[in-house]
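Below, chains carry the letters A, B, ... as their sequence lines are ordered, and counting in each starts from 1.
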Amino acid sequence: MYNTKEIEEKWQKYWTEHETFKAENKSDKEKYYILVEFPYPSGHGLHVGHVRSYTALDAMARLKRMEGYNVLYPMGWDAFGAPAEQYAIKNHIHPKKAVEENIKVFKGQLLRMGYSFDWSREFSTTDPSYYKWTQWQFLKFYEQGMAYKAEKEINWCPNCKTGLSNEDAQGGVCERCGSKTEKKLKSQWLLKMTKYADKLLEGLKETEFLDKIKTAQINWIGKSEGASVYFPLEDLDEALEVYTTRPDTLFGVTFMVMSPEHKLIEKYASKIKNIDEVKKYINEAKEKTEIERTDATKEKTGVKLEGLKAINPINNKKVEIWISDYVLANYGTGAIMAVPAHDERDYAFAKKFGIKIIPVIEQITGEKQENETFKNSIVAVVYDETTNKYLTLNWGDLGGRLFIGGTRQENETAIECAKREIEEETGYNNIEFVKEILPINHHYYAYNKKTAYEIESTGLLFKLQDNNKVEAKLDEDEKDKFKVEWVTKEEITESVTDELHITTFTNLLNDNAYTGDGKMINSGFLNGITNKKEAIDKMIEYIEKNNIGHRTTNYRLQDWIFSRQRFWGEPIPMVYCEKCGWVPVPYEDLPILLPDVTAYEPTDTGESPLANITEWVNTTCPHCGSPAKRETDTMPNWAGSSWYWLRYMDPKNDKEFAAYDILKYWGMVDLYNGGMEHATRHLLYARFWHEFLYDQGLVPTKEPFKKRVAHGMILGENGEKMSKSKGNVINPDDMVKTYGADALRVFEMFIGDYTKDASWSEFGLKGCKRFLDKIYRLKDKVTNKNGYSKDLENIINKTIKKVTEDIHTMNFNTAVSSLMILSNEYDKKEELTKDDYRILLTLLNPIAPHITEELVSITGLGSPICETKWPTYDETKMKDETVVIAVSVNGKLRGQMTVPTDTDKEELTRLAKSLDNIKKHIDGKEIIKEIVVPNKIVNIVVK
RNA sequence: GCAGGCGUGGCGAAAUUGGCAGACGCACUAGACUUAGGAUCUAGCGGAGCAAUCCAUGGGGGUUCAAGUCCCUUCGCCUGCACCA
């Protein structure tokens, strides 16, 4: 019928020759900057996933241009990184060559898809004219003290033989190769990203990122507010500093834990009596991989430091010190105060090693009342192993099912009290104590005694030994009031309603630390406070006044480890001189080019391959002129992508990375699309980089991106991620060959919700090709007439509205579907006007640009769509003359009627009641209510 | 464990935001045209029933004249973070 290849090539040539998509740096038009993450030009070529996001934003770009915006939709290459390096090593060529080849392939594929990129702005991060400015910006960081070299425990990938940032080693796994990472002490360049933690949080407010992206960033930054507290070491002129978010629990500290890497261990090794045991533990911890160490489900391990004690500055009590790998060296101070009663991890640790647990917060049940009388009491749960049941008292109307409760008498322990009460009320006397849980603060009103009580209730669990019983000793007022019943756990959950009793039961079964709010006890001046924030503030005030600590904020975010021990990256422009130390390369000497060699291998010493290239390494000190050595580490992959959107604005500038007035014209990226996998890495780095440049007055906006959206993945036909090994990879080139670029574009837009994953389906693609064929055939129905066909006016206007809105909101699937509906309408007709046809082609043009232009051209419908305006719709033409009203009785659909639009309520009711099927359902019944929603529904409620 | 999301035919999905569930497409079935069909056209297509009707948006409960949509609860799946003190 038609040759897609010919048509596509024809129009691609047309666009290139006419510079249709060239963005102007000066324009009267309003600007709109659309950015899609630039690809890493791998040897595998374009992925159908690329096609999805590029097509989506291409549709947006084309629409915006037709709406009269000066649209910047650029494309380039993020080409530094390991794969090119590996490939080059294997084939003994320079990675530059490999990159050039791959870019050629990639670009060819993109061109064949007909994307409206402004190719005049293309660049690669590996171009010296680009990375010159990446290096330049690094020097700015250095100048401001934002880049520093430090000996640091870093994530080391033994396979890639390079250090990694925390973001690249999430979960203790190397992002690139999947190997488990190790910790290695190495001297590294770092960027002080922590200094921007608050700005990165604050800046989010100025953006319109998807909520899940914002949340991911917020979590990654991990801001927490709390206090630093100093615990003096006994008999030493030293204090152990800890960070806590719960200074309100300071009175509940029963031990301290240091991470195995803590410096004080080494320092006071001579004081530690069991230092051999301690060292053994430290070595074991070191041996473990990051994954093993941070597995939250594993059992706690640790060693007590004998001979070293800390003093709780709040009450001067001596506290034992342990080391354990559940405390992380790189968060807070690498040491914690442990409050087992109110922290899950400390609780587990204390339980395992038999450390004392002091409760300082009581869970509160019941409502506080006026004039309460205080008493101590117990709730005792007795468990019978043989029947798997629990002992309860069924009080019937007097309080329902309860466990055994009672008031503690003077000089009576909780256990004694419980045993006494159990025997008195049920007669069982051979029971074994199992455990006691943290006390609960309970409030209730006793109607029989007309008294309000506040009680401190201790929950206890006992095990029934045998069924021996003595006679119960009941008070007069208790006789015949309750029945003793053994019931299952399920019955308890259903029938015990008393808040204290059911809470006690749950807590006994769960056996957890209590981390919630409650009433402060055992806490000196904090006693009685029931508000957590108040308790925290009061404690911080106290410790600050007494110089034992201060308010602090902590972040999970760490400084950005910026060194990579690799060849194929931007050289870090620093020189080391024996006399002057680290000296920055002067700006005028940039770029520091990578040497033109083809032989380099990662070294086993952990040094960059560049270290072996002596003629490159040896240089002179820019400061004193003595012999000096270049930094051989290179920048991470993320460096080049941390400012590329700025370069697109002014890509040929050789005086500065981009002229300020041009940056000002383009401003923020209006719409930025990329994968969800970059929500915490690239996006964080890029924002950090940009915010830094803003603070240096080098860019005009605080935040780089206004709106960030994320596309879903295209999965294989089997629903799994496409991969070579699974054999489910779809090559876009093959699809373009068989079905044409337009069909592929339409299908990827139609496949489903743009933000969600979708499985590939070649059948689906065929369907879209059929849709385009149908549109092609429609050309034979076009007459010489102008204007819309009268009977199509309504649907045409509706479709214009729908498609316009759907593309703007990125609901491409429904945009395509509404165009299918429109073309189905056209198909029913014998003839179409020129305008009927042209509007369909125009609306489809952003998604299928080639065939629509071709049809406009061969049907003689005027100038190319890309040179015309986006259509508007006429609301008044969209009104239907008649509307179908659903009629239901008691909410069940019983009939339909077609009435003139905006028929009033009375008329609708009257008409509804006259329908045969409605009569049938309402006759002889009382009408209770008539609900009428004009143009929608009539519902008659009868009895 | 915490946070977020999702759950609708055989499949991909729609549903004007509380108002006729399943638009549109795929697959499938029957038929027409055809030398042929991976082309095109016509009809059908959630389940049960001859039908009237009934049942159906993971399960259970609730609010409402009316629930895929709101609330509670439960199960399942996915994603992110995960011993962050």
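Taking atom C1' in both A66(B) and C75(B), one finds a spacing of 28 Å when rounded to whole Å. Nucleotides U16(B) and A82(B) place their C1' atoms 42 Å apart, quoted to the nearest Å. Annotation: C77(B) and A36(B) have their C1' atoms spaced 47 Å apart (nearest Å). Separating the P atom of A13(B) from that of C20(B) is a span of 23 Å, rounded to the nearest Å. For the P atoms, the distance from A14(B) to G9(B) is 14 Å, rounded to whole Å. Rounded to the nearest Å, the gap between the P atom of G58(B) and that of U64(B) is 23 Å. Separation of the P atoms belonging to A15(B) and G4(B) is 24 Å when rounded to the nearest angstrom. Taking the C1' atom of each, C41(B) and U57(B) are spaced 34 Å apart, rounded to whole Å.
When both pairing distances are held under 3.5 Å, A30(B) makes a Watson-Crick or G-U pair with U42(B). Nucleotide A56(B) is matched to nothing when pairs are restricted to Watson-Crick or G-U wobble geometry with both distances under 3.5 angstrom. Across all strands shown, G68(B) has no partner, as no Watson-Crick or G-U wobble contact with both distances under 3.5 Å is found. Remark: G4(B) base-pairs with C78(B); criterion is Watson-Crick or G-U wobble with both hydrogen-bond distances under 3.5 Å. Base pairing of G22(B) is not made with any nucleotide, judged by Watson-Crick or G-U wobble geometry with both donor-acceptor distances under 3.5 Å.
Relative to the side chain of H921(A), the nucleotides U53(B), A85(B), C65(B) differ in distance, and U53(B) lies closest. Distances were taken from every side-chain heavy atom of R777(A) (C-beta onward) to each of U53(B), A85(B), C41(B); the shortest belongs to C41(B). Side chain of F763(A), nearest nucleotide from A27(B), A85(B), C24(B): A27(B). Listed nucleotides: G19(B), A15(B), C83(B). Nearest to the side chain of T814(A): A15(B). In the set A85(B), A82(B), G80(B), the nucleotide with an atom closest to the side chain of W220(A) is A82(B). With A52(B), C26(B), C24(B) as the choices, the nucleotide that has an atom nearest any side-chain atom of I821(A) turns out to be C24(B). Closest approach to the M820(A) side chain among C20(B), G25(B), C65(B) is made by G25(B) (side chain taken as heavy atoms from C-beta onward). Nearest to the side chain of L328(A), among A82(B), A85(B), G12(B), sits A85(B). Of the candidate nucleotides A85(B), C20(B), A14(B), C20(B) has the atom lying nearest to any side-chain atom of A886(A). Side chain of T244(A), nearest nucleotide from C83(B), A85(B), C65(B): A85(B).
Note on Y331(A): a side-chain N or O is less than 4.0 Å away from OP1 or OP2 of A85(B). The side chain of N824(A) places an N or O atom within less than 4.0 Å of a non-bridging phosphate oxygen (OP1 or OP2) of G25(B). Between A14(B) and K802(A), no contact under 4.0 Å exists linking OP1 or OP2 to a side-chain N or O. Contact annotation: N813(A) reaches the phosphate of A14(B) (side-chain N/O to OP1 or OP2, under 4.0 Å). Contact between the side-chain N/O atoms of R894(A) and the OP1/OP2 oxygens of C54(B) is found at a separation under 4.0 Å. Between K212(A) and G4(B), a side-chain N or O to OP1/OP2 separation shorter than 4.0 Å is absent. In terms of phosphate contacts, R770(A) brings a side-chain nitrogen or oxygen within less than 4.0 Å of OP1 or OP2 of A27(B). Regarding contacts with the backbone of G19(B), every side-chain N or O of N935(A) stays at 4.0 angstrom or more from both OP1 and OP2.
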Requested in this report: Walk me through it: do Q896(A) and I885(A) pass the test side chain to side chain contact (heavy atoms under 4.5 Å, CB included)?
Outcome: CA-CA 6 Å; Q896(A) 287 185 342; I885(A) 303 277; over 6 Å; no
**Report entry** Pair S228(A)-T552(A), side chain to side chain donor-acceptor pair (under 3.5 Å): steps then yes or no
**Finding:** CA-CA 6 Å; S228(A) 272; T552(A) 338; 3.2 Å; yes
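A salt bridge links K781(A) to D827(A): at least one charged side-chain nitrogen sits closer than 4.0 Å to a carboxylate oxygen. The pair R246(A)-D343(A) does not meet the salt-bridge criterion, since no charged nitrogen lies less than 4.0 angstrom from a carboxylate oxygen. Of the charged side-chain nitrogens involved, at least one lies within less than 4.0 Å of a carboxylate oxygen, so that K913(A) and E930(A) count as a salt-bridged pair.
Rounded to whole angstrom, the span from the CZ atom of R52(A) across to the C1' atom of G12(B) amounts to 11 Å. Rounded to whole angstrom, the span from the CZ atom of F750(A) across to the P atom of A23(B) amounts to 11 Å. Look at CE on M713(A): it is 19 Å from P on G5(B), rounded to the nearest Å. Atom pair I927(A):CD1 and C65(B):P shows a separation of 17 Å (rounding to whole Å applied). With rounding to whole Å, K223(A) atom NZ is found 14 Å from A85(B) atom P. Distance CD1 (I323(A)) to C1' (A85(B)): 17 Å, rounded to an integer number of Å. Per the geometry, CG belonging to L893(A) stands 16 Å off C1' belonging to A67(B), to the nearest Å. Between K300(A) atom NZ and G1(B) atom C1' the separation is 11 Å, expressed in whole Å.
A side-chain hydrogen bond (donor to acceptor under 3.5 Å, both in side chains) with K802(A) holds for exactly one of D806(A), T804(A), T799(A); it is D806(A). Partner K769(A) forms a side-chain contact (heavy atoms from CB on, under 4.5 Å) with one of D742(A), T738(A), T4(A) and no other, that one being T4(A).
In G61(B) the O4'-C1'-N dihedral to the base is more than 90° from 0, which defines an anti nucleotide. Regarding the sugar-base torsion, U17(B) falls in the syn class, its angle being within 90° of 0.
As judged by a 4.0 angstrom heavy-atom cut-off over every strand, N939(A) is placed among the base-contacting residues. When heavy atoms are screened at a 4.0 angstrom cut-off, V327(A) is found touching base atoms of the nucleic acid. Using a 4.0 Å heavy-atom criterion, one finds that D827(A) contacts the sugar-phosphate atoms exclusively. Looking at heavy-atom distances under 4.0 Å, V884(A) makes contact with a base. Using a 4.0 Å heavy-atom criterion, one finds that G767(A) contacts the sugar-phosphate atoms exclusively.
Nucleotides of RNA chain B nearest to S761(A) and G895(A) differ in position, and the one nearer the 5' end is that of G895(A). A residue-by-residue look at Q896(A) and E299(A) shows that Q896(A) has its nearest nucleotide of RNA chain B further toward the 5' end.
Contact of K766(A) with C26(B) (side chain to base): no donor-acceptor pair of N or O atoms is detected under 3.5 Å.
Side-chain contact, N797(A) with D874(A): no donor N or O sits under 3.5 Å from an acceptor N or O. Of the N and O atoms on the side chains of S224(A) and Y331(A), at least one donor lies less than 3.5 Å from an acceptor on the other residue.
Note: W322(A) and F349(A) have perpendicular aromatic rings, judged against thresholds of 30 and 60 degrees for the angle between ring planes.
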